[in-house]
Novice: 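Below is one structure. I have some questions about it.
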Amino acid sequence: MRADRLLSLVLLLRNRGRMSASALARELEVSPRTVLRDIDALSTAGIPVYAERGRDGGFELLPGFTTDLTGLTVDEAKALLAAGSAATSQSLGMAPAFASAMRKVVAAMPDAHRAAATKVAERIFVTQGTWLSDPDQAVEHLGLIQQAVFVGRRLSILYASRGAAAVRRIVDPLGLIYASGRWYLVAMDAGRERMYRLERIEEAVELEEPAHRLADIDLAAIWQRRRAAFRARTEPVVADVLVRVARRDDLVERVFGVRSQSVFDRSRVRVEVVFGDRAHAHGVLWAMGDDVEVLEPPDLRTELRSRAMRMLARYE
């Protein structure tokens, strides 16, 4: 079971210290690629694993993280690692087990390290919600940035905003937010709170300077505030569509909300859905192809038809 392997991975790092991906793979009898995925899952769940680069580099636990994890039940272990997927522990029905597991982790730690471990846990927030869509992309600098967040060091990043050239920034990391396949770095930049999408960070360097981190950072509140502000800037689009029964859930997962739905015929349902804006509507509906048909509004239907005709003309 993956939960057993992940617990073994933590115990190996705790007992032996820094280990390379290949050495961990040999011990666990899996591929190095599987080890890297497991390291990401542990980091996402708040276990302070970070990478040390170089010839003698490898993975290790944050110094002082010496908790005994052998008392965890299987359900508690699964709950700890549920954050490694796009679903949260609560959405999987594991909230009680997650809370119990975290109490065991914290209770097992020496008093001198308990406060530090609590701070580490507060620097990761995992949610199912996204701004508009649900991409799933690999992030090149995730390990290095997680390490800077955990140990409280400043970062020098080369960041490319949408439609702009990359700019060098020196930031003070506050925490990381993971939302359905996408990572965001929350940081202070020249005294202002900002949020950076990790896949837009072209280069990241951990500096020797300690980060200036504000007290009482609430990543969940930051996410909700910024997400609400983002949605407020968009003009929602309401559409009445027919969708095949087998694809109904795919559509619902990609929209802001469902106003109504009813059975249309044996293979389709009629659904009134809300999109974030015009671009969001076009992206979702076009991706679903002929599994969905727009009834209203007429202009959205016309735009999709025109796009389809242009594609047909191109390939003829």
Novice: State, yes or no, whether a side-chain contact exists between L242 and D265 at a heavy-atom distance under 4.5 Å.
Specialist: no
Novice: Take F59 and L36, measure what side-chain contact (heavy atoms from CB on, under 4.5 Å) needs, and give me the verdict at the end.
Specialist: CA-CA 10 Å; F59 298 100; L36 295 177; 3.5 Å; yes
Novice: According to salt bridge (charged side-chain N to carboxylate O under 4.0 Å, His left out), who are the partners of D218, at least two apart in sequence or on a separate chain?
Specialist: none
Novice: Would the distance check show the side chain of R169 and the main-chain N or O of I157 forming a donor-acceptor pair, the cut-off being under 3.5 Å?
Specialist: no
Novice: Pairs in or reaching into residues 22-35: which pass salt bridge (Lys or Arg N to Asp or Glu O under 4.0 Å), with residues at least two apart or in two chains?
Specialist: R16-E27
Novice: With a 3.5 Å distance limit and no angle check, can you tell me whether H282 reaches the backbone of L304 through a side-chain donor-acceptor pair?
Specialist: no
Novice: Keeping to residues at least two apart or across chains, list the ring-ring contact (aromatic ring centres under 6.0 Å, His included) pairs with something in residues 283-316.
Specialist: none
Novice: Compute whether any side-chain donor of one residue and acceptor of the other, for S156 and R168, lie under 3.5 angstrom apart.
Specialist: yes
Novice: Can you tell me how far apart CG (L24) and CG (D38) are? Round to the nearest 0.5 Å.
Specialist: 9.5 Å
Novice: Each residue besides V205 in its hydrophobic cluster should be listed here, by chain and number; the cluster joins Ile, Leu, Val, Met, Phe, Trp and Tyr at side-chain heavy-atom distances under 4.5 Å.
Specialist: I170, L207
Novice: Going by the rule salt bridge (charged side-chain N to carboxylate O under 4.0 Å, His left out), which residues pair with R259 if we only count those two or more places apart in sequence or in a different chain?
Specialist: none
Novice: For residues L185 and L176, report the shortest heavy-atom separation together with the two atoms involved.
Specialist: CA-CD2, 4.0 Å
Novice: Does the Y184 side chain pair with the main chain of G175, one donor and one acceptor, at a distance under 3.5 Å?
Specialist: no
Novice: Quick one: which of R154, R153, H141 gives a side-chain hydrogen bond (donor to acceptor under 3.5 Å, both in side chains) with E206?
Specialist: R153
Novice: Does any non-hydrogen side-chain atom of Q261 lie less than 4.5 Å from one of V252?
Specialist: no
Novice: Using the test salt bridge (charged side-chain N to carboxylate O under 4.0 Å, His left out), find all partners of R307 that sit at least two apart in sequence or belong to another chain.
Specialist: none
Novice: Assess whether a salt bridge exists between E296 and R301, defined as any Lys/Arg side-chain N lying under 4.0 Å from an Asp/Glu carboxylate O.
Specialist: no
Novice: When D240 is tested against each of L295, V271, V294 for side-chain contact (heavy atoms from CB on, under 4.5 Å), which residue passes?
Specialist: L295
Novice: Side chains of L144 and L155: does their closest heavy-atom pair fall under 4.5 Å?
Specialist: yes
Novice: Name the orientation class of the two ring planes belonging to F275 and H280 (parallel below 30°, tilted from 30 to 60°, perpendicular beyond 60°).
Specialist: perpendicular
